[in-house]
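By convention here, the first residue in the shown sequence is residue 1.
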Amino acid sequence: MKKLSSVLIFIFVTAGIVICLSSSIFKNSVVKASSAQAAQGFVVMELFTSQGCSNCPPADELLGKYAAQNNPNIIPLSFHVDYWNRLGWKDSFSNAGFSQRQRLYASSIANSSVYTPQLIINGNEEMVGSEESKIASAVTKALALQPAVTIAIGSQQIKEGELIIQYSTTGNIAHNNILALLVQTRATTKIKAGENNGATLASYNVVRSMVSVPAKVAGSCTLTIPAGFISNNYSIVLLAQNTGSLKITGTVKKSI
């Protein structure tokens with residue numbers, strides 16, 4: 001009986017080792033598969049935020065973590081809305097056009113509304129901008145999808161306070177616009193009023209200038225350069241976006 005017990009214990013222990021090894025191998029294969037998919041897909045993360053919103057700093061910091069990865073397939077963007085400006089602090093990066101962009105998403109995405117901090121993933125999914133686990137899941141899902149449009153940035157020229165960008169596209173650009181963005185990599189602001197009074201806030205990948213043009217096989221965009229522009233703290237992002245669904249179909253980023 002003692003011998004039989006020893007045999008059974010050996011079988012159970014061995015089985016446990018096999019199960020553990022199998023589980024580990026399976027987990028690693030999933031990670032490798034996800035990495036391979038991420039190399040092909042893309043995700044554009046549009047955070048609608050404000051320096052006047054006390055709930056926004058955690059979302060800003062989370063966006064900053066994605067920006068710090070410097071992954072060309074992950075494009076985090078910070079759009080500062082202007083509707084908080086009347087509540088005590090005028091956001092230095094706010095723009096009425098960004099608020100309008102958020103309202104367009106609210107009318108396009110089911111069960112959506114206008115609030116901060118709100119994150120839009122690839123133009124067709126929204127969530128609270130500080131929900132870390134939900135965002136991570138959405139990012140992984142988006143990275144598994146193939147872009148319908150490929151964009152290449154060509155020459156860039158700075159002239160009389162404007163940045164002129166040449167671009168080319170491949171893929172299905174029917175019913176698409178090209179959205180050109182001038183993006184400031186990082187900024188720090190001392191807040192002197194409003195809900196965040198006394199705080200020093202860091203902002204990441206701040207959209208400073210935006211223009212939309214009909215997509216072409218080869219075309220150009222002209223962006224206004226903001227005051228205090230320093231080229232090594234800026235990049236260019238181009239998005240292809242469906243004019244009906246607002247789904248983002250392709251993107252590219254390039255340093256200036």
Short question: side chain of [X], backbone of [Y] - any donor-acceptor pair under 3.5 Å?
| X | Y | answer |
| --- | --- | --- |
| Tyr167 | Lys216 | yes |
| Lys192 | Asn197 | no |
| Gln102 | Tyr115 | yes |
| Asn95 | Gly97 | yes |
| Thr243 | His175 | yes |
| Asn242 | Ser245 | yes |
| Asn176 | Ala174 | yes |

Roughly how far, to the nearest 0.5 Å, is the [atom2] atom of [Y] from the [atom1] atom of [X]?
| X | Y | atom1 | atom2 | result |
| --- | --- | --- | --- | --- |
| Leu145 | Phe42 | CG | CZ | 8.0 Å |
| Thr185 | Asn233 | OG1 | CG | 4.5 Å |
| Ile120 | Phe79 | CD1 | CZ | 10.5 Å |
| Leu119 | Leu62 | CG | CG | 8.0 Å |
| Ile230 | Ile225 | CD1 | CD1 | 12.5 Å |
| Ile151 | Ile153 | CD1 | CD1 | 8.0 Å |

Practice problem: Would you confirm whether the ring centroid of Phe48 sits within less than 6.0 angstrom of the ring centroid of Phe98? | Solution: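 No - the distance between ring centres of Phe98 and Phe48 does not fall below the 6.0 Å cut-off.
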Exercise. Could you check Val43 against Tyr66 for side chain to side chain contact (heavy atoms under 4.5 Å, CB included), going step by step and ending with a plain yes or no?
Key: CA-CA 11 Å; Val43 58; Tyr66 280 98; over 6 Å; no
Side chain proximity check, [X] to [Y], heavy atoms < 4.5 angstrom:
| X | Y | result |
| --- | --- | --- |
| Tyr204 | Gln184 | no |
| Lys254 | Gln156 | yes |
| Thr189 | Ser92 | yes |
| Ile165 | Leu223 | yes |
| Thr251 | Val237 | yes |
| Arg208 | Pro226 | yes |
| Leu182 | Ile256 | yes |

Between [X] and [Y], does any side-chain donor sit less than 3.5 Å from a side-chain acceptor?
| X | Y | result |
| --- | --- | --- |
| Thr116 | Trp84 | yes |
| Glu125 | Tyr105 | no |
| Thr188 | Arg186 | yes |
| Ser99 | Asp82 | yes |
| Ser54 | Asn196 | no |
| Asp60 | Thr49 | yes |

Treating Ile, Leu, Val, Met, Phe, Trp and Tyr as nodes and any side-chain heavy-atom pair under 4.5 angstrom as an edge, say whether [X] and [Y] lie in one connected cluster.
| X | Y | value |
| --- | --- | --- |
| Leu63 | Ile191 | no |
| Val206 | Leu163 | no |
| Leu47 | Ile135 | yes |
| Val128 | Met45 | no |
| Ile248 | Leu238 | no |

Quiz item: side chain to side chain donor-acceptor pair (under 3.5 Å) between Asn85 and Ser94: does it pass, once the steps are laid out?
Solution: CA-CA 8 Å; Asn85 289 353; Ser94 63; 2.9 Å; yes
What are the two closest heavy atoms between [X] and [Y], and how far apart are they?
| X | Y | value |
| --- | --- | --- |
| Leu104 | Leu246 | O-CD1, 3.7 Å |
| Met127 | Ala138 | CE-CB, 3.7 Å |
| Asn177 | Pro214 | OD1-CA, 3.4 Å |
| Gln118 | Ser113 | NE2-O, 3.1 Å |
| Ala106 | Ser112 | CA-OG, 3.8 Å |
| Val44 | Leu77 | CG1-CD1, 3.9 Å |

Exercise. Check step by step if side chain to side chain contact (heavy atoms under 4.5 Å, CB included) holds for Gln51 and Cys56.
Key: CA-CA 7 Å; Gln51 295 172 346; Cys56 287; over 6 Å; no
Practice problem: For atom NZ of Lys247, decide whether the heavy atoms of other residues, nucleotides or ligands shown that lie under 6.0 angstrom number more than 12. | Solution: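 At most 12 heavy atoms, drawn from other residues, nucleotides or ligands, come within 6.0 Å of this atom.
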Self-check item: Glu132, CD atom: more than 12 neighbouring heavy atoms under 6.0 Å
Solution: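 Check fails, neighbour count at 12 or below.
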Quiz item: When you look at Thr150 and Thr169, which way does the side chain to side chain contact (heavy atoms under 4.5 Å, CB included) test go after all the steps?
Solution: CA-CA 6 Å; Thr150 300; Thr169 65; over 6 Å; no
Self-check item: Derivation of the side chain to side chain contact (heavy atoms under 4.5 Å, CB included) call for Glu46 and Arg101
Solution: CA-CA 10 Å; Glu46 298 182 60; Arg101 182 168 176 80; 2.7 Å; yes
